Amino acid sequence: MYQIGEEEIEAVRRVIESKNLFRYQGGAGETEQFEQEWAAKIGTKYTLAVTSGTAALICGLAGLGLGPGDEVLVPAYTFISTALAPLAVGAVPILVEVDESLTMAPEDLERKITPRTRAIIPVHMNGLPCNMEAIMEIARQHKLTVLEDACQADGGSYRGQRLGSIGDAGAFSFNYFKILTCGEGGALATNNQAVYERAVYQQDGGAAFFQDMSDVKTPGFAGWNFRMNEILGAILRVQVTRLEGILAALRAEKKLLREALADASEFGLSRVNDLEGDCATTLSLLFESAERVKEVLERLSAAGVGAMTPINSGRHVYVNWEPILHQRGAHHPGRDAYRSTRVPVSYARDMCPQTLSVLARTINIATSIDRSPEAQQELITQIKQAVAAR
Ligand SMILES: *Cc1c(COP(=O)(O)O)cnc(C)c1O
């Protein structure tokens with residue numbers, strides 16, 4: 001949670017006083033207006049607000065027509081949700097290495113393609129843009145669809161295009177920990193009408209309440225309920241107005257830190273595929289060895305600096321994805337994607353060694369929107385001292 005306050009309180013008051021808390025109650029309510037505002041911000045024709053980033057991924061995959069027998073390529077470093085979403089629609093996730101940019105490695109992506117591969121989910125992890133040029137080229141060559149996971153990258157961009165608008169669809173999260181927040185929430189963005197309409201069916205129980213069906217062309221089907229409510233829609237409308245300010249503050253701090261640490265010889269500043277579009281939520285330092293990372297982290301922790309290595313980020317690393325490693329894909333065997341694969345898939349804890357090596361050699365330091373200039377200088381000194389001491 002970066003910034004929330006009086007304006008959001010006013011927005012919630014407005015909704016409660018209106019007594020319209022349900023989005024499909026006739027007229028363009030808060031949620032629908034948020035959808036239009038988010039579509040304008042991201043630069044896509046359609047946006048569908050839903051209850052979480054995971055729901056956005058599931059609606060995106062349903063929208064793209066993914067299902068049993070399909071393989072979906074996901075990075076080995078991402079929040080577990082990215083890998084769970086394919087299972088929810090009956091497809092299986094196949095793990096791809098990340099490179100030193102902490103995002104999907106295009107070379108390994110290409111190696112993991114099989115005749116069953118249907119889609120790629122590149123994840124803009126920690127707000128860092130993926131190498132979308134290489135990924136989109138591979139997708140074109142192999143006729144794969146691309147669903148961007150921009151859940152940690154609200155508002156970021158790659159070569160001037162907003163993240164989430166480059167592939168066939170993009171998923172965003174507004175949970176408590178993300179750049180924009182309404183506590184829990186998400187959105188799917190796309191330029192494709194059929195993908196949007198299918199996503200609508202998925203989020204509203206086969207369009208149980210969705211009202212404006214006049215130009216809908218896609219046949220309906222049974223879906224779930226991921227409908228957003230008007231309180232969250234109203235909060236998000238305020239959050240969108242804060243986006244550029246939040247990103248500007250994060251980027252200014254990261255730039256300052258990178259410049260101050262540019263000549264350090266002990267570590268490298270992790271490669272960023274597009275520095276201008278980076279959301280700059282974290283500064284990543286890449287070391288020679290995992291042992292050095294441990295030493296430096298101990299000193300940073302003793303100095304009170306909030307830093308961590310992504311190898312210890314729990315459910316963000318594939319080795320901690322038990323339902324996937326053990327191939328328990330659903331609550332019932334008849335619904336388990338692992339039982340409907342055309343060719344069995346296998347996973348092992350050591351299957352992505354490059355990912356494990358890069359993560360163990362990286363230190364992530366969170367940037368802040370309101371650190372004072374003095375505190376920023378202090379942080380730079382603490383990082384330099386923690387690295388210098390042996
Ligand atoms: C947070 C997150 C999600 C899921 O978002 P929820 O809103 O928590 O469901 C998916 N992918 C990534 C990379 C995330 O960080």
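Numbering of ligands and ligand atoms starts at 1, following listing order. No experiment lies behind these values; they were computed from the predicted model shown. Only heavy atoms go into these numbers, but all of them, side chains included; no hydrogens, no water, no symmetry mates.
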Please report, to 0.1 Å, the donor-acceptor pairs under 3.5 Å made by any side chain of residues 219-227, with sequence neighbours excluded.
unit_1: N225; atom_1: OD1; unit_2: R227; atom_2: N; d: 2.8
unit_1: R227; atom_1: NH1; unit_2: D204; atom_2: OD1; d: 2.8

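- The aromatic rings of F22 and Y24 stand perpendicular to each other, their planes meeting at an angle above 60°, with 30° marking the opposite boundary.
- Applying the side chain to side chain donor-acceptor pair (under 3.5 Å) criterion to R315, with sequence neighbours excluded, gives E322.
- Residue pairs meeting the ring pair (Phe, Tyr, Trp, His ring centres under 6.0 Å) criterion with at least one member in residues 93-116, sequence neighbours excluded, do not occur.
- Side chains of T114 and E71: a donor-acceptor N/O pair is present below 3.5 angstrom, by distance only.
- Taking 4.0 Å as the cut-off between side-chain N and carboxylate O, R23 and E35 count as a salt-bridged pair.
- A distance limit of 4.0 angstrom between heavy atoms and ligand 1 selects the residues S52, G53, T54, T78, F79, S81, T82, V123, D149, C151, Q152, S173, N175, K178, G185.
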